[in-house]
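A, B, ... follow the sequence lines: proteins, then strands. Residue 1 opens every chain.
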Protein chains: 4
Amino acid sequence: MGQGLKNRGYTREDVDERRKAVEDFSSARLGSVAGYTVDPEGAKSNIENMIGCTQIPLGYVGPVKVNGEYAEGEFLVPMATTEGALIASVNRGCSLINSGGGANVRVIGDNMTRAPVFRVDGVAHALDVIDWIGENIESLKDAAESTTRRGKLLGIEAFPNGRNLFLRFSYHTADAMGMNMCTIATEAASRVIEENTGAVMISVSGNMCTDKKPAAMNMISGRGKTVIADCIIPNAEIEDRTKASVDAIVETNYRKNLVGSAMAGSLGQNAHVANMLAAMFIATGQDPAQVVEGSMTSTLCENADGDLYISVRIPALEVGSVGGGTKLPTQGEALDIMDCRGEGKALKLAEIMAVAVLAGELSTLGAQSAGHLGKAHAELGR
Amino acid sequence: MGQGLKNRGYTREDVDERRKAVEDFSSARLGSVAGYTVDPEGAKSNIENMIGCTQIPLGYVGPVKVNGEYAEGEFLVPMATTEGALIASVNRGCSLINSGGGANVRVIGDNMTRAPVFRVDGVAHALDVIDWIGENIESLKDAAESTTRRGKLLGIEAFPNGRNLFLRFSYHTADAMGMNMCTIATEAASRVIEENTGAVMISVSGNMCTDKKPAAMNMISGRGKTVIADCIIPNAEIEDRTKASVDAIVETNYRKNLVGSAMAGSLGQNAHVANMLAAMFIATGQDPAQVVEGSMTSTLCENADGDLYISVRIPALEVGSVGGGTKLPTQGEALDIMDCRGEGKALKLAEIMAVAVLAGELSTLGAQSAGHLGKAHAELGR
Amino acid sequence: MGQGLKNRGYTREDVDERRKAVEDFSSARLGSVAGYTVDPEGAKSNIENMIGCTQIPLGYVGPVKVNGEYAEGEFLVPMATTEGALIASVNRGCSLINSGGGANVRVIGDNMTRAPVFRVDGVAHALDVIDWIGENIESLKDAAESTTRRGKLLGIEAFPNGRNLFLRFSYHTADAMGMNMCTIATEAASRVIEENTGAVMISVSGNMCTDKKPAAMNMISGRGKTVIADCIIPNAEIEDRTKASVDAIVETNYRKNLVGSAMAGSLGQNAHVANMLAAMFIATGQDPAQVVEGSMTSTLCENADGDLYISVRIPALEVGSVGGGTKLPTQGEALDIMDCRGEGKALKLAEIMAVAVLAGELSTLGAQSAGHLGKAHAELGR
Amino acid sequence: MGQGLKNRGYTREDVDERRKAVEDFSSARLGSVAGYTVDPEGAKSNIENMIGCTQIPLGYVGPVKVNGEYAEGEFLVPMATTEGALIASVNRGCSLINSGGGANVRVIGDNMTRAPVFRVDGVAHALDVIDWIGENIESLKDAAESTTRRGKLLGIEAFPNGRNLFLRFSYHTADAMGMNMCTIATEAASRVIEENTGAVMISVSGNMCTDKKPAAMNMISGRGKTVIADCIIPNAEIEDRTKASVDAIVETNYRKNLVGSAMAGSLGQNAHVANMLAAMFIATGQDPAQVVEGSMTSTLCENADGDLYISVRIPALEVGSVGGGTKLPTQGEALDIMDCRGEGKALKLAEIMAVAVLAGELSTLGAQSAGHLGKAHAELGR
């Protein structure tokens with residue numbers, strides 16, 4: 001495949017030329033891929049080697065009533081998916097939530113992390129470096145924050161192990177998801193550490209961050225937004241709309257999400273949180289690889305005086321209302337549906353997403369629970 | 001928001017009507033969302049409440065040389081992403097792989113699982129049920145396979161725990177990812193178990209499957225396709241193109257992917273496998289929530305007589321060349337780029353994807369390793 | 001410290017001489033350590049550098065009624081511990097179990113594993129080696145079993161990853177815990193593999209065994225004996241003897257063992273299984289380091305029509321009735337208390353131990369649950 | 001079995017009577033069990049239903065040179081074990097450490113935790129309770145510390161999840177391991193929380209402590225003493241005494257402890273840390289069930305300019321020099337061997353133990369690495 005193909009341009013013609021070259025190379029016909037409306041110039045910071053666009057069907061769920069600190073009221077939630085029945089199911093969950101007066105939701109953690117790994121001489125040196133960091137935290141803060149307009153360094157946690165020293169930097173990143181911001185700021189601070197301590201940075205990410213991999217550390221301590229949400233659904237609504245019962249759902253959650261997840265050695269315990277996150281992340285221009293962290297969510301159900309109490313704890317919801325894919329046209333519009341585009345909206349977005357996750361869990365647990373009841377009913381009918 | 005909005009239609013007009021209603025409800029202007037070319041009728045089984053499409057910029061990497069059992073030759077690999085630099089980086093990895101003669105890749109496991117949870121009376125009853133299953137495996141096979149043209153039940157593994165009995169069904173699903181196929185087949189077999197043993201199915205998914213959640217069980221035993229890939233990159237190429245060295249990359253992989261991941265309590269150890277998987281999954285109509293399982297990949301680097309040996313083990317690559325989102329126009333075209341659309345192509349697709357994952361890991365490890373060298377060089381230059 | 005000290009003898013005089021030298025070196029006075037009755041010659045295969053004995057207070061719990069396959073009837077269970085209240089608590093659990101007619105118990109898995117790691121050339125070579133093993137499994141069985149009178153090789157599971165090939169050998173080890181037996185047999189088979197395939201054994205234990213470390217693999221698949229036990233305790237007994245209630249215990253188990261364990265990223269979910277195992281292991285000459293694997297136990301509680309259903313699943317109970325520390329005098333006598341010394345008794349021992357574990361869990365959950373009730377009562381009494 | 005048996009006395013006669021009754025019940029002859037020298041009165045707080053003592057052969061390793069903050073100089077380390085070759089192996093490790101000038105060791109964390117779980121009304125209530133705790137931390141400190149002479153409450157970390165609120169209390173416990181101290185102090189503080197917030201304590205241990213179960217939380221954040229140790233062993237010594245090489249040991253550690261542990265889903269990565277901990281815990285009267293937490297140790301090896309760098313990070317070494325089993329005669333004497341009995345000695349004890357762990361890891365890695373070399377030599381010799 002020739003060099004001509006890999007032109008670096010961002011005009012429509014450049015895109016066409018590349019797409020053509022791909023067709024030539026592969027004998028694929030890329031007519032639909034070519035049917036995009038996005039201006040390639042506007043996607044400059046989002047992709048290289050662009051040949052067109054993938055179109056993902058976009059739908060929505062809701063309105064769902066959200067009783068949050070940042071999101072208050074009824075919201076429609078956009079979801080881009082190719083999995084039939086997902087939206088219908090989450091939508092049912094939304095209407096169940098509404099029947100209970102809406103869902104409560106709170107952001108209990110808000111910090112993005114980056115953890116470089118340094119090579120040190122050993123145990124004694126590691127402690128010297130840690131001491132130095134403790135005494136010079138203000139200079140490190142200055143170095144880190146000199147690289148960013150919005151980011152604030154909240155703290156550095158140290159984990160020495162042999163000749164390795166992991167430093168977990170935590171930042172407040174305002175309304176951006178903030179991974180790049182944190183990486184650049186951490187590099188700057190790390191250079192200061194290197195110059196003063198003899199520690200050598202081996203990688204700006206030492207995997208104790210932990211980005212885009214499932215890690216107990218994030219499940220426990222959180223990363224990005226940590227969000228909890230709950231609601232109570234009246235028994236009558238459960239029976240009417242899910243054909244299950246409160247006790248059946250509680251039992252399903254116990255056997256499936258708690259016992260089953262534990263026996264499989266899972267991080268997190270839920271039905272299908274990744275589904276809702278993926279659909280919302282794609283719709284709103286979030287990083288879909290970060291669905292991984294959100295998938296460690298805990299879903300719990302209890303019988304609340306005959307009604308259903310259901311909750312989710314999403315330990316690591318890494319989203320932003322500015323930057324990254326949010327700048328693209330369809331993604332920005334999707335954010336607009338929730339009035340979540342731009343500055344000052346990231347926490348609102350996190351709250352709405354958590355409620356949509358709750359809706360999806362509720363609906364699926366209801367459906368799975370009704371399975372055995374349905375069958376029981378069928379038998380009784382004979 | 002009125003009922004009228006939620007029309008169930010699949011014409012363009014239905015889509016328009018819904019989008020309009022969303023605009024009215026939310027005051028968002030959804031012009032870009034409306035700029036889709038996909039026929040909504042064709043997305044009938046992929047979405048509900050459709051209001052348009054999300055456009056994700058589509059690019060590609062390659063050509064990359066693949067020495068697989070099903071994929072042989074040079075391939076371009078489509079990726080849909082909004083993360084700048086991802087494609088450029090993976091592309092660099094591809095050319096490094098080519099410089100070493102391409103990547104070897106093998107599919108070492110191919111089965112999709114579904115694990116219902118049953119309620120039993122206790123320890124003794126659980127063992128009776130397990131005995132019954134052992135004696136009636138053929139009838140269960142018949143029941144399961146009666147629901148599917150392609151799926152084959154390979155076996156059932158039993159995990160009793162108190163009043164819970166988890167049965168992990170494994171299937172060969174031909175060229176489909178096969179989750180739905182397995183669910184339906186498992187339900188059918190489970191009904192037979194219920195009728196004959198007194199065990200009561202509580203949920204067709206008991207989370208020992210484990211779908212869309214990170215679970216050690218899948219990391220160890222695999223789900224979907226388990227794929228391993230490797231290659232050797234000449235030292236000169238590493239130094240020339242990454243500005244790092246073989247030893248620096250090996251050290252980065254050791255400190256970051258092995259030690260750092262372990263200290264974070266991670267399942268899997270890699271740099272950013274979820275990135276490549278998400279971009280390819282979205283481009284080709286796979287289920288993006290299943291990136292979660294693939295993110296448990298192990299990436300290893302060794303010094304091979306002065307050159308770089310690098311490998312990945314993807315324990316759970318849940319992909320198909322038919323069904324689901326692969327039927328959509330842009331997604332199908334993306335598959336065409338690799339000649340991976342339709343029957344007989346799933347294993348080929350898995351092999352190519354694994355090599356692209358390897359390329360992405362290689363490139364990022366190189367970049368992170370060069371970071372500290374680069375800085376050292378800068379200092380020397382002063 | 002002189003060489004004379006480290007005599008290699010096993011007479012009482014040798015022991016005295018060493019103890020004296022330790023006293024000289026350290027200024028400790030070791031009068032109690034010297035007060036042992038064990039014949040050092042008999043401990044030849046159990047220790048080096050012997051200077052005396054540690055005396056651990058030995059008590060017992062029971063009788064407890066066991067309804068097992070190998071253990072049937074009432075048993076006293078010896079426990080060696082220095083933790084006050086442990087025996088009293090487990091004893092209370094035993095009498096609760098008796099009040100419910102005893103505990104059911106079954107051994108559902110019985111195999112000891114050893115997993116060497118081999119260095120291979122890469123992906124393709126690994127698969128060649130695996131193929132060779134598949135075709136020569138009988139020769140490997142012969143090689144392995146040539147080293148042992150009792151051990152039987154049940155199978156070999158292969159896990160390739162880059163230049164690593166892990167082979168998990170499973171054995172039936174008769175009445176011995178069998179770790180050494182498996183190691184020797186595996187070495188023999190591994191030599192055959194090395195000679196025929198070019199794979200190089202790097203370590204006879206590659207940590208996928210996994211011995212004496214907590215690993216999801218063993219929690220899921222089991223190692224040594226996998227044992228499940230349960231019982232039902234009448235509500236009246238619960239209220240009378242624990243001052244808690246069935247619902248309180250079920251709630252404690254849910255919030256503590258299921259939710260709390262999950263949030264802490266635990267392998268297993270229980271209250272204090274390691275306590276019972278350690279006390280029984282020490283009393284009966286088992287390897288106390290293998291308590292680690294047993295600690296991954298799952299304890300579950302349910303309301304069974306108003307009574308308490310409680311169960312344990314011990315995934316890896318690595319015990320024997322012959323070999324190791326069981327040959328020592330006090331340890332052998334402890335086994336005698338349960339009629340579990342010698343050949344044909346390992347499974348019986350495993351069943352009794354599992355019931356004692358169940359008793360300990362029951363009692364502690366009762367006590368913790370009564371905590372808040374007790375306080376509530378106190379408040380009501382004001 | 002009669003009531004008479006279960007006398008509650010602590011005289012030798014009481015012990016005799018019980019032992020007799022056990023003999024009658026079981027037909028075991030308990031002559032060796034009766035051969036103890038410990039005064040039962042002195043074991044009052046350590047056991048109930050005492051019938052004698054288990055004798056565990058006691059040996060020692062060392063002297064080993066320790067370069068710690070609290071332990072400086074050469075120490076003999078007592079180990080009680082029934083596993084032949086363990087002491088010989090650790091001893092070899094000690095002499096290797098000495099050949100490198102001794103081991104460096106530091107205690108980097110020192111706090112014991114207890115995490116009760118409370119029932120709250122839901123998300124909003126949980127946050128109210130957390131707010132109240134933040135504002136009343138001093139009163140809680142007072143309440144907690146009113147129950148203990150030595151314990152200091154260091155902080156409380158809150159983890160809300162649905163209707164559960166976990167509060168992880170951290171204490172400094174002076175020279176005691178301190179579990180009981182923490183439990184009592186936490187109960188006192190929890191009563192204050194209950195009275196003021198409406199939260200209901202369900203269990204004083206909610207398993208986020210996490211005691212005697214393997215949990216990522218402790219591996220990451222530590223519990224009891226967190227200790228790191230390292231040393232460098234000259235290449236010549238490695239080759240001379242282990243018949244392995246530096247590179248072979250580094251490779252073994254990489255393939256076995258890092259890759260193998262990761263693939264098994266382990267918490268921690270080491271060869272056999274639990275062995276050393278169990279033997280030292282039993283010898284010195286520590287709680288052997290807490291070996292579980294220590295087993296999550298990380299062992300690392302690197303080539304240090306041709307010599308071997310080896311280190312351990314023990315995240316949770318829960319030991320004390322006062323209280324519990326340390327008060328018993330043989331156990332106290334074992335502590336005396338290291339001059340670690342009584343007040344002011346806990347950190348010294350932790351440092352010495354960590355070095356013994358390092359010695360054991362070093363020796364076993366050497367032995368396993370020599371395995372394949374040994375074989376290679378054997379072949380060459382033919």
Item checked: Contacting moiety of C:Leu277, where chain D heavy atoms sit under 4.5 Å -> neither
Note to self: For D:Gln55 and C:Thr37, which I'm curious about, is there any donor-acceptor pair between the side chains at under 3.5 Å?
What the structure shows: yes
Next item on the list: State the NZ-CE distance between D:Lys213 and C:Met296, to the nearest 0.5 angstrom.
Entry: 14.5 Å
Checklist line | Under 4.5 Å from a heavy atom of chain D, the part of C:Asn180 involved | finding: neither
Next item on the list: Identify which of D:Met208, D:Met217, D:Lys44, D:Arg168 forms the greatest number of heavy-atom pairs closer than 4.5 Å to chain C.
Entry: D:Met208
Item checked: Contacting region of C:Tyr254 [heavy-atom separation from chain D under 4.5 Å] -> side chain
Check: With a 4.5 angstrom heavy-atom cut-off, which part of D:Phe166 approaches chain C: side chain, backbone, both or neither?
Finding: side chain
Enumerate donor-acceptor pairs with a distance under 3.5 Å from any side-chain N or O in residues 24-31 of chain C to protein atoms, sequence neighbours excluded.
residue: C:Ser26; atom: OG; partner: C:Val22; partner atom: O; Å: 2.7
residue: C:Ser26; atom: OG; partner: C:Ala28; partner atom: N; Å: 3.1

Next item on the list: Pick whichever of D:Lys327, D:Met50, D:Gln290, D:Gln286 has the most heavy-atom pairs under 4.5 Å with chain C.
Entry: D:Met50
Item checked: Under 4.5 Å from a heavy atom of chain D, the part of C:Ala43 involved -> side chain
Checklist line | Spatial distance of atom CD1 (D:Ile51) from atom CD (C:Glu333) [nearest 0.5 Å] | finding: 9.0 Å
Next item on the list: Heavy atoms only: give me the nearest C:Thr252-D:Ser203 pair and the separation to one decimal.
Entry: CG2-CB, 3.9 Å
Checklist line | Side chain / backbone / both / neither for C:Asn218 at chain D, heavy atoms under 4.5 Å | finding: neither
Note to self: Looking at every heavy atom in both D:Thr82 and C:Gly285, which two are closest together, and how far apart are they?
What the structure shows: OG1-O, 4.3 Å
Next item on the list: May I ask you to name which of D:Gly325, D:Gly52, D:Ala278, D:Ala80 has the most heavy-atom pairs under 4.5 Å with chain C?
Entry: D:Gly52
Check: Which heavy atom in D:Cys53 sits nearest to a heavy atom in C:Thr330, and how many Å separate them?
Finding: O-CG2, 3.6 Å
Checklist line | Proximity breakdown for C:Ala262 and chain D, heavy-atom pairs closer than 4.5 Å | finding: neither
Next item on the list: Working to the nearest 0.5 Å, report the span between CE of D:Met219 and OG of C:Ser266.
Entry: 11.5 Å
Notebook entry, point to check: Taking atom CZ of C:Phe159 and atom CE of D:Met263, what is their separation to the nearest 0.5 Å?
Noted result: 7.0 Å
Next item on the list: Please flag which part of C:Asp287 lies under 4.5 Å from any non-hydrogen atom of chain D: side chain, backbone, both or neither.
Entry: side chain
Check: Distance-only, no hydrogens or angles: does the D:Asn49 side chain make a donor-acceptor pair with backbone N or O of C:Gly59 under 3.5 Å?
Finding: no
Checklist line | Options D:Pro214, D:Gly35, D:Ala289, ranked by heavy-atom pairs under 4.5 Å with chain C, top entry | finding: D:Pro214
Check: For the residue pair D:Thr210 and C:Ala264, what are the closest heavy atoms and their distance?
Finding: OG1-CB, 3.5 Å
Item checked: Portion of D:Ala115 that has a non-hydrogen atom of chain C nearer than 4.5 angstrom -> neither
Note to self: Measuring from atom CG of D:Asn161 to atom CZ of C:Arg255, what distance do you get when rounded to the nearest 0.5 angstrom?
What the structure shows: 10.0 Å
Check: At a heavy-atom separation under 4.5 Å, does D:Ile47 approach chain C through its side chain, its backbone, both, or neither?
Finding: both
Notebook entry, point to check: What are the two closest non-hydrogen atoms of C:Gly265 and D:Leu267, and how far apart are they?
Noted result: O-CD1, 4.0 Å
Notebook entry, point to check: Does C:Asn207 use its side chain to pair, donor to acceptor, with the backbone of D:Ala271 at less than 3.5 Å?
Noted result: no
Checklist line | Region of D:Ile282 that comes under 4.5 Å of a non-hydrogen atom in chain C | finding: both
Margin query: Which atoms of C:Arg163 are under 4.5 Å from chain D, going by heavy atoms: the side chain, the backbone, both sets, or neither?
Written below: both
Next item on the list: Taking all non-hydrogen atoms of both residues into account, name the closest pair between D:Gln368 and C:Ser205 and its distance.
Entry: OE1-O, 3.7 Å
Notebook entry, point to check: Side chains of D:Ser295 and C:Lys212: do they bring a donor and an acceptor to under 3.5 Å?
Noted result: no
Item checked: Inter-residue atom distance C:Thr54.OG1 - D:Met79.CE, 0.5 Å rounding -> 12.0 Å
Next item on the list: Apply side-chain contact (heavy atoms from CB on, under 4.5 Å) to D:Ser89 and list each qualifying residue two or more places apart in sequence or on a separate chain.
Entry: D:Ser363, D:Thr364
Checklist line | Part of D:Ser45 within contact of chain C (heavy atom distance under 4.5 Å) | finding: backbone
Next item on the list: Please look at C:Val117 and chain D and tell me whether the side chain, the backbone, both or neither of the residue comes under 4.5 angstrom of a heavy atom of that chain.
Entry: side chain
